[in-house]
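Read the structure below first, then the notes.
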Amino acid sequence: MKDFLTLNDFSKEQILEILEIAKNIKNEVKKGIFTPYLKNQTLAMVFEKNSTRTRISFEVGMYQLGGHALFLDSKTTQLGRGEPIKDTARVISSMCNMAMLRVYKHADLKEFAKFAKIPVINGLSDLFHPVQLMADYLTMIELNAGKNIAYIGDSNNMCNSWLNLASIMGLNLSVAIPKNYKINDEVLKIAMNNAKISGAKIIVTNDPKIAIKDVDVVATDTWFSMGDEVSKDQKVRDFKGFLIDEDLMSLAKKDAILLHCLPAYRGYEISDKVFEKHSKEIFLEAENRLHVQKGIMVWLNKACKNS
Ligand code: CP
Ligand code: NVA
């Protein structure tokens with residue numbers, strides 16, 4: 001049985017396979033064809049944190065695949081009153097076919113997966129946001145973007161997932177994070193090892209101007225992640241020079257695309273002008289969440305049957 005907790009558990013070929021399924025289903029839906037690949041199946045969605053895109057894409061995606069998704073949050077379930085994750089995992093496994101969780105601690109997601117008998121999907125944890133990166137990569141492919149990427153922002157779940165994706169797929173990634181920030185040691189070590197195999201070039205710098213120079217894709221994320229304990233004022237001080245405005249963006253290739261997983265905080269990680277100039281890419285990226293979520297669920301369902 002296979003879970004989707006981090007891209008690091010997947011090969012380049014498997015990632016491409018999932019995207020191929022997503023692309024095919026997207027094409028079908030654009031023609032008005034809704035094939036019930038997951039007829040009568042149920043997805044339990046457990047949210048410890050807020051969500052717009054993740055909830056909508058999984059819920060709509062499951063419906064369009066002929067199944068049903070249940071929205072559960074930690075406040076209104078017994079999780080909020082202290083029922084252990086391992087018991088919740090066993091109960092959900094006995095009634096649902098798949099689970100997707102958005103959690104504070106990645107360790108909780110692993111604990112859930114350990115006790116679940118169904119595929120478990122990471123809908124964002126403190127460490128990774130793999131379902132988002134699948135949509136980002138699909139967007140890059142659809143827009144024929146080159147393979148030189150700059151991630152400019154916090155050393156957070158999105159940064160880690162960009163490192164996963166680039167190092168597995170053989171993309172070149174320059175990461176710019178503030179001086180006193182650090183990338184998770186294990187994540188960086190695995191990325192550097194993967195890069196040796198895939199041929200990816202990974203660079204980490206504290207200078208956004210170095211990272212963005214001549215890239216094809218600029219990616220960023222909020223400076224204020226959910227569950228982040230550093231104060232907003234401190235973050236604003238730390239991220240001086242990290243705002244992606246027209247001046248910074250002019251250092252990337254002329255036709256560079258810009259990706260933002262959203263929600264965006266204009267005036268902090270991105271200027272309103274740059275956001276609106278690149279809104280076509282950003283909202284295609286958001287829409288692609290729907291298509292890749294379906295690709296992931298259909299792929300997992302198949303992998304589960306074959307195991
Ligand atoms: N990008 C993303 O995961 O959005 P939500 O937090 O709205 O789900
Ligand atoms: N890094 C952000 C991503 C939101 C989709 C967070 O964890 O809040």
Side-chain angles (χ1 to χ4, degrees), residues 4-7 22 43-62 69-74 99-109 121-140 151-165 175-178 181-184 187 218-232 234-236 238-239 242 244 258-266 268-270 275 278-279 281-297:
F4 198 87
L5 304 188
T6 162
L7 293 176
L43 170 77
M45 308 189 296
V46 182
F47 284 92
E48 287 183 356
K49 301 175 180 176
N50 293 41
S51 170
T52 298
R53 282 141 289 269
T54 304
R55 176 177 178 183
I56 298 172
S57 56
F58 274 101
E59 198 164 327
V60 173
M62 200 54 179
L70 287 94
F71 174 79
L72 305 164
D73 67 29
S74 47
M100 185 276 292
L101 284 84
R102 171 166 281 198
V103 296
Y104 283 99
K105 292 190 216 127
H106 193 73
D108 287 346
L109 188 66
I121 302 169
N122 181 359
L124 182 145
S125 68
D126 54 341
L127 268 188
F128 301 112
H129 197 5
V131 291
Q132 176 68 52
L133 263 288
M134 294 294 283
D136 294 8
Y137 194 36
L138 178 61
T139 309
M140 279 176 61
Y151 170 85
I152 297 173
D154 201 355
S155 48
N156 60 11
N157 43 14
M158 281 301 293
C159 173
N160 292 347
S161 297
W162 272 110
L163 283 161
N164 297 157
L165 181 85
V175 175
I177 51 170
Y181 285 57
K182 201 171 163 287
I183 295 169
N184 176 290
V187 170
V218 178
T220 189
D221 181 22
T222 178
W223 300 341
F224 321 113
S225 283
M226 294 177 281
D228 192 345
E229 276 154 23
V230 183
S231 79
K232 198 168 170 178
Q234 182 64 50
K235 282 254 154 141
V236 171
D238 295 345
F239 281 88
F242 278 67
I244 301 177
L258 190 135
L259 297 177
H260 192 312
C261 63
L262 301 178
Y265 296 87
R266 291 164 172 85
Y268 292 98
E269 75 274 10
I270 191 163
F275 184 95
H278 292 274
S279 57
E281 294 117 65
I282 295 169
F283 290 107
L284 173 64
E285 177 189 6
E287 183 203 316
N288 277 338
R289 291 292 303 277
L290 171 64
H291 309 299
V292 301
Q293 259 57 135
K294 289 194 268 185
I296 292 166
M297 291 190 286

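Note that ligands are numbered from 1 as they come in the structure, with each ligand's atoms numbered from 1 the same way. These figures come from a predicted structure and were not determined experimentally.
Without hydrogens or angle criteria, Ser231 side chain to Gln234 main chain gives a donor-acceptor distance under 3.5 Å. Although no hydrogens or angles enter the test, the distance criterion places a donor-acceptor pair under 3.5 Å between the side chain of Glu48 and the main chain of Tyr104. For Asn160 (side chain) and Leu127 (main-chain N/O), a donor-acceptor pair under 3.5 Å exists by modelled atom type. Between the side chain of Arg102 and the backbone N or O of Gly123 there is at least one donor-acceptor pair closer than 3.5 Å.
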Apply side-chain contact (heavy atoms from CB on, under 4.5 Å) to residues Leu7 and Phe128 and explain how you reach the verdict. CA-CA 9 Å; Leu7 293 176; Phe128 301 112; over 6 Å; no
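Each of the following atoms of ligand 2 lies closer than 4.0 Å to a heavy atom of Leu262: 5 (C). The Asp221 neighbourhood of ligand 2 comprises atoms 1 (N), 2 (C), 3 (C), with distances under 4.0 Å to a heavy atom of that residue.
Within the 4.5 Å cutoff, the side chain of Leu163 has no heavy atoms near those of the Tyr151 side chain.
Of the polar atoms of Pro263, none of the N or O atoms is found under 3.5 Å from an N or O of ligand 2, judged by distance alone. At a 3.5 angstrom cut-off on N or O pairs, Thr222 does not count as close to ligand 2.
For the residue pair Gln293/Ser57, the side-chain donor-acceptor check at 3.5 Å is satisfied. A donor-acceptor contact closer than 3.5 angstrom links the side chains of Asn156 and Asp221.
Here the protein heavy atom with the shortest distance to atom 8 (O) of ligand 2 is Met226 N, 2.8 Å. Scanning the protein heavy atoms around atom 2 (C) of ligand 2, the nearest turns out to be Ser225 OG, 3.3 Å.
Taking 4.0 Å as the cut-off, Asp154 does not count as a neighbour of ligand 2 on heavy-atom distance.
Residue Leu124 touches ligand 2 through its side chain alone, judged by heavy-atom distances below 4.0 Å. Contacts between Asn157 and ligand 2 below 4.0 angstrom, taking non-hydrogen atoms only, involve the side chain exclusively.
Annotation: ligand 1 has protein neighbours Ser51, Thr52, Arg53, Thr54, Arg102, His129, Gln132, Cys261, Leu262, Arg289, each with a heavy atom less than 4.0 angstrom from the ligand.
Checked against the 6.0 Å centroid criterion, the rings of Tyr181 and Phe239 qualify as a close aromatic pair.
Counting heavy-atom neighbours within 6.0 Å of Asn50 CG, excluding the residue itself, gives a total of 12 or less.
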